[in-house]
2 protein chains.
Amino acid sequence: MTKPRKHGTTRESLLTAGLQLFGEKGFDGVSVKDLESAAGLTPGRGSFYRHFESKEALLADIVHREVEKLRQLRELQQRGISGSLGDRRAELIVDFRMRLIVLAQLKDFILLLGREYGRFPDLLGQLYSLLVEESLAQEGSELERDIANQHIRGGDAHALAAVVQSALVGFHLSKTYFGSQPYGIDDDRFIKALVDLLVPPPGGKS
Amino acid sequence: MTKPRKHGTTRESLLTAGLQLFGEKGFDGVSVKDLESAAGLTPGRGSFYRHFESKEALLADIVHREVEKLRQLRELQQRGISGSLGDRRAELIVDFRMRLIVLAQLKDFILLLGREYGRFPDLLGQLYSLLVEESLAQEGSELERDIANQHIRGGDAHALAAVVQSALVGFHLSKTYFGSQPYGIDDDRFIKALVDLLVPPPGGKS
DNA sequence: GTCTATAAGTAGATAGAC
DNA sequence: GTCTATCTACTTATAGAC
């Protein structure tokens, strides 16, 4: 062990800093110089290119990493659903909270997607619909069950799924882009209001 | 009348093309050359600078224009609300449809804001919260009235306003970023599902 | 108001020494 | 794996002729 540093440490730094910086300033807003600085290299000397073929290759690796992270978070999420309590309201609260956590974990990546929408179609093209359609389909089939079981009053399950999904995504984006919580509403208060709409509380009020 | 062209035609073209191109490719993704091309000027000759001091000055004028458009759309929207029908469900449907139309009218501008978030803080900084907080406050006070009048079952009016707002914004963004309607849900179906949640239809089903 | 020519800066990327 | 030096291309912006 003559080398004090682990293999690939700089590469790792470039990936981490790249995600954060691309999310913050966009792909064009971050120069290779900036990336070298962030990874502890002397800026402007081109050492970046010993780790990645190009700036775009770095982006590709970042994207693959985040997609993998998304997959793992989805798995965790589905396990959370199966560990049920019998109480449908409580289950929905847990489910929605998990979804907001997943969105929060992907914050930088979502910012990046918003900035670079339409660019890099080969890399990002299918990603937008994958990100939404998949969890929308899951939400839809769950709500269909709920309606069949009379947990939720009858209606258009797929449209309802779109409403729930849109609300959660919209709330996350509001928090992201408008600083803190819009109107001072925190996650718990938001989720409670949404669940109350879907499954009215038994007592009537509050 | 010796001049066949109206004064400011090129300037007008630059403003229009600028909004569309900045929304599509971002501020850095559009060169002055591109803007000159789009406005019918010979690209790369710098005629752009006879109309605007800098690329950033063009952006500033575009933003002021869109903010003014937003103000006018908000006025139209509020008039739509006051022309009421007595039927709260029908009123909500009209209201929500208007809000989606406003968002659609601002599509390019919203794309631009998403791309350039965090940059140009002097120009765009206050805009994000203005865009959301204002209509959120209005939605909140309307829902408070509805709850007082028993049109909507009791609950947290402000949190409910955040849910409604998030759902509409989230739905618009889904349509924008994921191509067509998510899950094949169109505006009418989405709005109906949202209104059904707030004010259950008298008949029970459908 | 448009075109010609050009300045000054910065970007991504490469070759080679250590 | 990092640093030195450098190439090429492109960007915003300006000065001046027409």
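So you know, we letter chains A, B, ... as the sequences are listed, proteins then strands, and number each from 1. Nothing here was measured: the structure is a model prediction, and the numbers come from that model.
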May I have the distance from B:Asp34 (atom CG) to D:dT11 (atom P), rounded to whole angstrom? 7 Å
B:Thr16 versus B:Arg65: any side-chain heavy-atom pair under 4.5 Å? yes
Side-chain N or O of A:Thr42 closer than 4.0 Å to phosphate OP1/OP2 of D:dT2: no
In whole angstroms, the gap separating P of D:dG1 from CZ of A:Phe52 amounts to 11 Å
If only atom types and distance count, is the side chain of B:Arg99 paired as donor or acceptor with the main-chain N or O of B:Gln77 below 3.5 Å? no
Tell me: CG of B:Leu14 to P of C:dG1, nearest whole Å? 11 Å
Just wondering, do A:Phe171 and A:Asp187 contact through their side chains at under 4.5 Å, heavy atoms? yes
Residue list, ring pair (Phe, Tyr, Trp, His ring centres under 6.0 Å) with B:Phe27, at least two apart or on another chain: B:Phe22, B:Phe120
Extract from the structure each pairing of a protein N or O with an N or O of nucleotides 13-15 of chain D at less than 3.5 Å, listing the distance.
| residue | atom | partner | partner atom | Å |
| --- | --- | --- | --- | --- |
| D:dA13 | OP2 | B:Tyr49 | OH | 3.1 |
| D:dA13 | OP2 | B:Lys55 | N | 3.1 |

B:Leu58 CG to D:dT12 C1': how many Å, rounded? 13 Å
Can you list everything that forms a side-chain hydrogen bond (donor to acceptor under 3.5 Å, both in side chains) with B:Gln105? Sequence neighbours excluded, please. none
Rounded to whole angstroms, how far apart are CG on B:Asp28 and P on D:dT12? 8 Å
Using whole Å, report how far CD of B:Glu36 lies from P of C:dC3. 8 Å
Under 4.0 Å: is that the gap between some side-chain N or O of B:Ser31 and OP1 or OP2 of D:dC10? no
Answer yes or no: is there a side-chain heavy-atom contact under 4.5 Å between B:Tyr177 and B:Leu111? yes
